Each structure stands twice: as C-alpha cells, then as structure tokens.
Number of protein chains: 2
Amino acid sequence: MIEGVKQQKWWGWGEEGKGYRYEDKPKFPAFVKKMVGVDITAPAETIPPFSSLNVPASQLTDELRGTLAGILGDTYVQTDDETRVVHGFGKGLRDLMRVRAGQLERIPDVVLYPGSQREVEQVVDACVEADAVVIPFGGGSNIVAALEAEPGETRQVVSVNLGRMNKVLEIDENSGLAHIQAGVFGPDMEDQLRAKGWTMGHHPDSFVWSTLGGWIATRSSGMQSDKYGDIADICRGLTMVMPGQVLELRPLPSTSSGPSVREMVLGSEGRLGIITSAWVNVHRIPEVRELQAYFYPTYEDGLRACQQIVESDAHVMMARVSDAIETQYIMANGKKSKSKVSSLVSKGIQKLMVQKGWDLEQIAMSFVGFEGSASHVRYEKGIVGKIVRDNGGMGVGKGPGALYDQKKYDTPYIRDFMLDRGMLCDVSETTTPWAYAEQIHTNTVERFNKLMDELGVQGVVFCHLSHSYHSGACQYFTFAINDNSANAMRTYDLAKREIQQSFMDNHATVSHHHGVGEEHSPWMEQDISPAGVFIQRKLFEGVDPGNNLNPGKIIHDGKPGITSNSPDA
Amino acid sequence: MIEGVKQQKWWGWGEEGKGYRYEDKPKFPAFVKKMVGVDITAPAETIPPFSSLNVPASQLTDELRGTLAGILGDTYVQTDDETRVVHGFGKGLRDLMRVRAGQLERIPDVVLYPGSQREVEQVVDACVEADAVVIPFGGGSNIVAALEAEPGETRQVVSVNLGRMNKVLEIDENSGLAHIQAGVFGPDMEDQLRAKGWTMGHHPDSFVWSTLGGWIATRSSGMQSDKYGDIADICRGLTMVMPGQVLELRPLPSTSSGPSVREMVLGSEGRLGIITSAWVNVHRIPEVRELQAYFYPTYEDGLRACQQIVESDAHVMMARVSDAIETQYIMANGKKSKSKVSSLVSKGIQKLMVQKGWDLEQIAMSFVGFEGSASHVRYEKGIVGKIVRDNGGMGVGKGPGALYDQKKYDTPYIRDFMLDRGMLCDVSETTTPWAYAEQIHTNTVERFNKLMDELGVQGVVFCHLSHSYHSGACQYFTFAINDNSANAMRTYDLAKREIQQSFMDNHATVSHHHGVGEEHSPWMEQDISPAGVFIQRKLFEGVDPGNNLNPGKIIHDGKPGITSNSPDA
C-alpha cells in the first residue's frame, strides 16, 4: 500500500471493516428467504486468510525493474503479493469468485505508482520498449474484466496505478471548467471542488471507489447524468500518454475537427494509452437540491411517466423508477429506526394504495431529483407532479429520497454479504429506444426465470430505469442466484449470458455505462455490427501495433480471454 | 441533371434565377461603400457562359463505365461537363473564384446517382476494385473543399450523388426517432416529417442546399442546436457503406461500447465510407415558437448575457448576439417596406438608447428563441428578460425575429452578389471556452484589420455568437474584402489564414460546424495535437488501406492539396 492511495480489499468491495449488516433491517431476511431460499441469519462462509493464496511469483525482469525504479524510485515499484493480487482483478462477481477461490491466473508482475505526467510518459515508453503489457488502474471497481491481463499472456504485465495523481489542478471559473488529474477518487475530487464552491455532478454507483480516469476510460454515467450529462458530455478535453507521444486535447465546448479523437479515448479502456488528466465541466452548487419519491400502480406506468418527464419542460436532475420486485427489495432493505424518515411507505399510504385498487405486489417506486433556484424547483415539481398524476401515480414526499441519498453508494457491499452466504449477485445494464423499454424488461426477466427453472436453482432478477434520454432509457438489472455448488461459476456464466443475449435480441446495447472489457466483448459484433468491430480493431492496431496497451479488451484478437462466455465450449 | 435531384448553379449558391437584391434595401449601398469602399449600384461583372469553360475530358475507362452502368443503368452514370463541374467543387469562396475563372483542376470523371443502399454497396466495391477515388456528394454546399479530388490525382475520380435516396423511411413514434435516407435535402426532409407532426429541428445556414448525410459527415450544427443538439446529438444510429462491408449502428440513446464508432463516422467527410441512412431524434412540433429581439450597449454585454442564459434555468432554443459591425450590417440590410415589422429599430427605440447613454455605433443585436407550451415560453421569457436587464440590455419584441426567420437561409446569395462586384466574402467559425470568448473576438478582428492595412486593401470583419454551451460558445466571423485584382486569391488566402491562426492562438478550434476538408487541415496538429492527427491517420489508413475514400480530407498524407494555405510557399 502506498501512502495516500486508497486500496480496496483483495476479496471484496471497498474498505476493510466496512460491510453490509442485516441486523437493523427486520424485513430483509424474510425477503431473501422468499426470493432465493437462503437464510441470511445462518452462519456465513469466512474469507480465507490472504496467506492461504498461492500467488504466482512476479516475472518482472531485473532489467525492467531497474529501469522503472530509476524513473519512479523503489517505493513506487511494488511487487508484493497482495498489491499484485488487488491489481489483478476488478470487482465483477467473476473476479470475486475467482480471487476467493485462489484462481489468480495472470496477475500483474509489478504495480507502478507514477506521480506525474512525465513519469507516466517514461514508464509507458520503458514498458513498450521492453515489450511488456501496460494496464492502467484507477479505483479498481471495474466489473467487466478490463483490468486483468489475458490468461495466456507470456510478456511481463505492468499495472499502472494513477492514485498519486489526484489533484484538481485548476478551475477556470469563467468557463465552468476544471483541469483535474485522472487518478483522483470521486469523494476526494468533489471535496476539492466543493471547497471552491463547485461540483462536477458525476455520481456513479462506484463513486467512492472509482476515479476520473476510470470514468472516462469506460464511458461512465452517474445518478445525476440526466442533468449533468454522461462523462462523455462532461469531459471536454484530456491528456493521454501514448507510446512515444502525448495526446493533448484542449477543452472545447464543441468542435467539428473530423472523427472525434476525444470520443475515441472515451471508452478506450486503456487500449490507446493512459489518461493522465482531463478538463471537465463543473457547476456552481445549486441553491436547492431535492429528491422526491413517487409510487405508481405498475412499473409500466412508471416507465411511461419517466418518458413524459424527459420530454416535458422540466429538466430534472434524475428520474428513476424500480420494477415491482426491486420496489419490494428497497422496502425490505429499509432500516428499523425511531426516525419517521426511515419508514419508506407508511401504513397510511399503503392503505390509500389498496383503496385505489393497487396491487401492492405490483407497485413501482420512483425517485425524481430537482435542482436549481427554489422557485425553479417549485416550477419543475409542478410539471412532474402533473405527469405523475396523469399516469396514476402519487407522491410520498422527501423522506425516502433522503434515505436513498445516504445509502446510494452501499449496494456493492450487499453483494459481498450475499456471496458469503452462497448467493451469486451481479448487474447488467443497457439502453433501448423507448419503443422497446417494456419489452426488454419483460423478455429479460422471463428468460432469466426460465433459465433458473431449467438449471433447477432459485434466482431473482429485478430492474430499475436509471437514465432517460429523448429517444430511450437505460434499464439496470440486478440478479441474485442461490447456488453454492461446484457449478456456481457455470450457473453465473449462463445467467449473465442469457441476460446479455436478451439485450441483443431486444434492440439494446451491451452496456450503457459499465463498458466492454472482456466480459461484454463477445456481443460486440451483434451490437455495433462486424464492420464496427473492424473499425475499432483497425484503430487499436494502428495506434498500438505491438499490442502492449491493455490487449484483449473491448475486442479480442481471435482469443477470448474469459472462458465464461463459452460455458458450453 | 437527374429528375428529382436538385442541383446548384455551377458558378454560385443555390438555384438559377435566385439571387440577392439591394434595390429594396435603401441603406445597404451606403453601408458597403463605407465599410469596403465599393459602389454596389455600379454595373457588376457578368458570369461567363458555361460553354466558355475548358472542361477536362472524363478519364472514365470503358470498363468501369460498363460496370457502373450495369449496376445503376446508363441514366444514373453521368459524364456530361456541367454535372462534372458542379460536382467538382463545394461552395467555398475559393471554389467560386476558381470555377468562375475556369480553373477546374481535377474534377470528377463521372457522377453516379445510386437509388438504393444495395446500389451504393455495389458501386463502392466496383470503384475500389478499379482503384478509383470515391467522393460522396450531398447538397454540394461544403465550404472546406471536402468534395474535390486532390490536384494531382491520377486515378479515376467518382462522385457519388446521394440525391435519389431522399425518403423518410420510418418514424418510431414511441421513441421519437426517424429512419431517414442520407441524400434528403433539409426542406424536403422537414416537409416529410411535418406531414406526420414531427420535426428534427436541425437548421444550418445551408439548410436548403444540404443533406442529412452531409450534416453527419461534417458534424453540422443548426440555428436551433442549443435546444435540439448538434447533429452528433441528433444522430443516434446510422448505416455506412464501406468497401466490402456495411456498418450498421442501431439507434441507441447512449452506449458504452468502447470508442464510439458513431462518433468516428460523424465528421469523417467520406474518409471511412458513404453514409446511406441514419436514425435521428425527432420531436413533436412545439405549441409555441417565438423569436425575441434584444439590444445591448455592447457586444461584450451580449456575450455575458448569453452565458448567463445558457447557465440559467431557462432552456432556450437559440441565443445569438451580433457584434457592433454585424448589428450595423443587419440594420443596413433591412427591407424598406410599408409593414411595421420590417423596421428593425424604430426611431423611438434609437432615441431611448441615446437617452440611456448608449453609443449607437457599439450596440449589439441579439435574438433569443423560445419553444414549448405557452406557459413555459412565458416562464422562460421571464428568466431571460431579467438576464437581459441585468446586463443593461432591452427587449424590442418579436418583429425583428420574424424578419430574421424569413431571411435566415439567404445569406449565401449575398456572397455571390458581392463577388460579382469584386468583393471577397467568406466565413470562419470556432468555439472557445467562455474565458476566451471576448479575447478571440478582439484579437481576430485586430489581426484581420492589421492585415488589411499591410496589404493596402479595404476589408471588414464582423461576428456573432451563434451557439452557447455550458463551458463556451461558438463565434461566427464573416469578412469582406475589396480586392478585384490579380492578387485576389492571395489576399483571400492570407485573410483566411490569419483568422484561422488567430483561432489557434486563442484557445479555439479549427471549426465548430463546417468541418475540416482540405481548407482547415493545415491547423489540425495545432488543434488536436500531433498525436490526435496520428490517431485519425491510423484510423483512415486501417479502414481504407488503398486510400480510395475521399483521400486528402481532414488530414493529408504529406501533400496538402490546396495551395492556399501556403501562399508564400
């Protein structure tokens, strides 16, 4: 561990000592028991000690080590086992299952911590000169296997951790732009900006454990992107170190300078170089920020309302709606507390819903976020309130939203808790045009449930709409499967594959904001057509003829790295 | 000419018989006389007959002609002189000067009019097989030399006119998406959409003489893009024919499927293939549409107000402001008429301005567009009205906006009128962050004026802010130079070069929405850095190893085509 650079647990999400607790959520055990048949109050599996892992020795040559230490100093050239293991994986379910099982495969031979752009340049050049593989590393929260070397990689593997490059360098107050180093984590960055009265407004689920560079490299999206834009909108310029040269894109609000190089770097997942800093849109902290909760009789009502909201004269900061099962999950996950605020749906409101003829098993919970001047928030709430009523919904006030705000970054800890208890939990998200929004939900849930029946295991999938655009929306699926058997990885593979293929069969994309990595690459030809893959391949080959820059990500060179995508092969 | 496919004049903008008239604009002759010293009431130069041109013979081989005719039929394989000349140029000032002077250089050997995507595929494959150069052609309004072959091109040159592919194929009413063939002209497309209650909302200055495919290929922007987005936002999916394969990008509201292939096609100017259709965002026609006019004491006040408008809770459809000289130009260009509406600034208002202590030589005119429900337009006008007042401005109502709306596509005709009278008129537009918005205006105007002094010619440059973004704005410069001498082309080259270099020296880009072509390519390394050009080059080389697809555009392969950019070379 390097001082000042946060590092996640080797076996799970986030920091040591922090985890999910069910003890203060009285309804949660029964919910899990009902949905997947697991008693979460029973004793859990314990994590083996790190020392029990059989960690492959570093293959770093003395020569390359000497060169790298000459550039960075010994402290910033780490080859200890735990650092290498942590940098060998992201935090996908497959990653967690493998690392816990001691399946370490091809972890990095060395982890570097450059402290400046110049050092990154020297490091990249030295690694390419030595024909090593270079993999940039931010927060380590990637869930599509973008951080690991290919299984059969015979060259030296170098992970470059940007964590020391964590400063807001400059705020251009006239333009609402900030120049920020790529290795800064979400909370640290927002703290630095807030100290001067600014915010970037980018809040992905992974916010606490992800970095600006990682967001750009994967085309991230945040909870407030309906207002602030996805990272592709926010990032107006950037610097990327490439072998022997540095790409400098100055901040521009818009440009027609040919095929967008900026948009080639966005989502490039390390295949074109290492992003070292970016110019991003920043905004004055709004006068008012408010999350309002609403309920609809059904998810379909909520989807329709969200479309009407995005098309309306209101410009909300967020509009989410959960399907029936996710609504039950949220309600079951509520804390028992003396404070009134924690009661997501009071008995009185439930009674009102029944009186309206709603089926409480079908109700859909929604959060809508408003920001701006007090009068503007009032104006927008008026517009949204009418749309909610037009779609048969009702408002329940600010209480649930305040709760949501407090817990919004904690979901990944639940996954570890569930995995400790033999449950496989993961997520897949996608976008479709609005015309297919209902269909993709229905079909994906059906296909998942059918697969569970076929496999003879108990599983559950639920979903929320997370982002709305003029022409369509992102829907975010979460699934949990009760499988503690030796077949667990195959079960997971089949489930993940079924969901991704459902996306392809229902006019959707491989991912809205998690990226491709190796996990989603088998569907790229279906998504962007073989000619689209051809174009990406030519770009990667042209820029990186030696295949040194995070090879195998996004598109493979005829050798898919992860066996998962062909469980029957 | 092919039935149903509009074709512009060979010597100027737009349709035969239509042109600019000064006779009903009593103040215009005095304005031009004052600004550049030309008497526009004197007899003008006449255009030589087409027959006087020395048109190079077509170099189409019988073999390729036979193949192409076999695919398209003889009618759609045109080799007559006028068709080839019209397709050999865009409508940049350099194009008009050269074609009028009979400098035809390397015009196409054949012009094709495919009627279907399948025919485009066959044509592209046949041309690449014959090692010919393929140049896609839409409305022919390009002003950055993206439509002509390189001067020394020894291979056969084939221009592919998409004009027969002009249908709105499908409207997905649920999603607000339309699937439209690339060759449709602006007015025809909007007519087809409006017949079903929809609009795309994309209105570039070239609207009447440009096509959907051309907008995508050049990253076009329109007058209402502050609301509807630039074409990069509007275009959600597309089909592009490449040698031996077809790129199919399905419509998606957003995706994180690696480096964006969609964003590589946007702005590709024919270097990756021929765009044959696209899925675009379409919108219901708004209940209210209103253009309000405002005046500010100075351009700087107007710039500041536009920034505050884009940052405000209003989401306007358009916010423009003209600098002092452009304001005088607009006022001088007003029609004499009995109708009150045509009086841009009444005597009463002028008196009020003087009473406020404004210098009438410095006032800046602004148009702001509002759309939506009647109540929403009222709400937004309230917000904007306050910002205008805060910046010392005043509103003058809807009259001038109505006039603007009627004449908004006519500006290019003035350029022909001026050229007939020995004046060189052209435009350059760019974006900067807001911090440099004043500086780029001041410095560009100063450098232009200094150059005019050095050259000993009379010229004028003026400017308006045309698009606002969170972090910056587009400013659009128009210049006119009185030079009818044998040096005219060199004068123009120097002026254009001075303006573009001022952009580079003041944190701006080569172009906000006109693209690169050959005209702007010399500044690409300064704009996106040498590494950015390297990335684009690798993309082009990888996709088109034979250099058959519109070679020489955006970046050159060491042989700039147009001498203009090195007038001293």
Side-chain angles (χ1 to χ4, degrees), chain A residues 172 174-177 218-219 230 236 242 245-261 263-264 267-268 281 313 315 372-373 376 379 431 433-435 469-472 507 509-516 524 527-532 535-536 538-539 541-543 554, chain B residues 172 174-177 218-219 230 236 242 245-261 263-264 267-268 281 313 315 372-373 376 379 431 433-435 469-473 507 509-516 524 527-529 531-532 535-536 538-539 541-543 554:
Chain A
D172 171 351
N174 282 345
S175 310
L177 284 166
T218 57
R219 292 188 170 273
D230 299 328
R236 302 314 318 162
M242 301 163 65
Q245 58 188 334
V246 177
L247 175 71
E248 291 281 3
L249 298 177
R250 300 159 306 146
L252 290 167
S254 186
T255 173
S256 68
S257 48
S260 173
V261 174
E263 289 271 3
M264 294 185 220
S268 57
N281 284 347
D313 291 327
H315 292 84
S373 67
H376 185 66
Y379 175 75
T431 53
W434 285 111
Y469 301 84
H470 164 73
S471 64
H507 307 268
T509 179
V510 289
S511 170
H512 168 255
H513 59 270
H514 287 160
V516 184
M524 285 294 281
D527 191 337
I528 64 172
S529 79
I535 290 173
Q536 287 185 336
K538 290 298 173 185
L539 175 67
E541 286 176 358
V543 169
I554 305 173
Chain B
D172 171 351
N174 282 344
S175 308
L177 284 166
T218 56
R219 293 189 168 272
D230 298 328
R236 303 314 319 163
M242 301 163 64
Q245 58 189 334
V246 177
L247 174 71
E248 289 281 2
L249 298 176
R250 300 159 307 144
L252 290 167
S254 187
T255 174
S256 69
S257 48
S260 173
V261 175
E263 289 271 3
M264 294 184 220
S268 58
N281 285 346
D313 290 327
H315 293 83
S373 67
H376 186 65
Y379 175 75
T431 54
W434 285 111
Y469 301 84
H470 164 73
S471 63
H507 307 267
T509 180
V510 289
S511 170
H512 168 255
H513 59 270
H514 287 160
V516 184
M524 284 296 281
D527 191 338
I528 64 172
S529 79
I535 290 173
Q536 287 184 337
K538 289 299 173 182
L539 175 68
E541 286 175 359
V543 169
I554 305 173

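Not measured: the values here are computed from a predicted model. Below, chains carry the letters A, B, ... as their sequence lines are ordered, and counting in each starts from 1.
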K.L.:
I'd like to know if the side chain of B:S256 reaches the main chain of A:G515, judged simply by a donor and an acceptor atom lying under 3.5 Å from each other, with no hydrogens or angles considered.
P.N.:
yes

K.L.:
Say whether, by atom type as modelled, one donor and one acceptor occur between the side chain of B:E248 and the main chain of A:G532 under 3.5 angstrom.
P.N.:
no

K.L.:
State whether the side chain of A:R250 and the backbone N or O of B:S529 hold a donor-acceptor pair below 3.5 Å, judged by distance alone.
P.N.:
no

K.L.:
Counting only heavy atoms closer than 4.5 Å, note whether A:D313 contacts chain B via side chain, backbone, both or neither.
P.N.:
both

K.L.:
When you measure from the side chain of A:Q536 to the backbone N and O of A:A531, does any donor-acceptor pair fall under 3.5 Å?
P.N.:
no

K.L.:
Heavy-atom distances under 4.5 Å only: say whether A:M242 touches chain B with side chain, backbone, both or neither.
P.N.:
side chain

K.L.:
Give the ring-plane orientation class for A:H376 versus B:Y379, where under 30° counts as parallel, over 60° as perpendicular and anything between as tilted.
P.N.:
parallel

K.L.:
Quick one: which of B:V516, B:I554, B:T431 has the most heavy-atom pairs under 4.5 Å with chain A, could you say?
P.N.:
B:T431

K.L.:
Side chain from CB out, backbone as N, CA, C, O: work out which of these in B:D527 comes under 4.5 Å of a heavy atom of chain A, or both, or neither.
P.N.:
both

K.L.:
Go through B:A435, B:P433, B:S471 and name the one with the most non-hydrogen pairs under 4.5 angstrom from chain A.
P.N.:
B:S471

K.L.:
Heavy-atom distances under 4.5 Å only: say whether A:V510 touches chain B with side chain, backbone, both or neither.
P.N.:
side chain

K.L.:
If you count heavy-atom pairs under 4.5 Å with chain A, which of B:S373, B:P251, B:G258 comes out on top?
P.N.:
B:G258

K.L.:
Let me know if A:I528 has heavy atoms under 4.5 Å from chain B in its side chain, its backbone, both or neither.
P.N.:
both

K.L.:
When only pairs under 4.5 Å are counted, which of B:A473, B:G542, B:G372 shares the most heavy-atom pairs with chain A?
P.N.:
B:G542

K.L.:
Does A:R236 have any salt bridge (Lys or Arg N to Asp or Glu O under 4.0 Å) partners at least two apart in sequence or in another chain, and if so, which?
P.N.:
none

K.L.:
Between chain B and each of A:M524, A:H315, A:K538, A:H514, count heavy-atom pairs under 4.5 Å; write down the option with the most.
P.N.:
A:H315

K.L.:
Let's test your reading of the structure: which of B:S268, B:S254, B:G472 forms the most heavy-atom pairs below 4.5 Å with chain A?
P.N.:
B:S254

K.L.:
Where on B:S260 is there a heavy atom nearer than 4.5 Å to chain A: the side chain, the backbone, both, or neither?
P.N.:
both

K.L.:
State the NE2-CZ distance between B:H513 and B:R219, to the nearest 0.5 angstrom.
P.N.:
14.0 Å

K.L.:
Picking from B:V543, B:V261, B:T509, which has the most non-hydrogen pairs under 4.5 angstrom with chain A?
P.N.:
B:T509

K.L.:
Please identify each residue that fulfils side chain to side chain donor-acceptor pair (under 3.5 Å) with B:N281, with sequence neighbours left out.
P.N.:
none

K.L.:
With distance as the sole test, does B:S175 use its side chain to make a donor-acceptor pair with the main-chain N or O of B:L177 at under 3.5 Å?
P.N.:
no

K.L.:
Taking side chain as everything from C-beta outward and backbone as N, CA, C, O, which of these in A:I535 sits under 4.5 Å from a heavy atom of chain B? Side chain, backbone, both or neither.
P.N.:
both

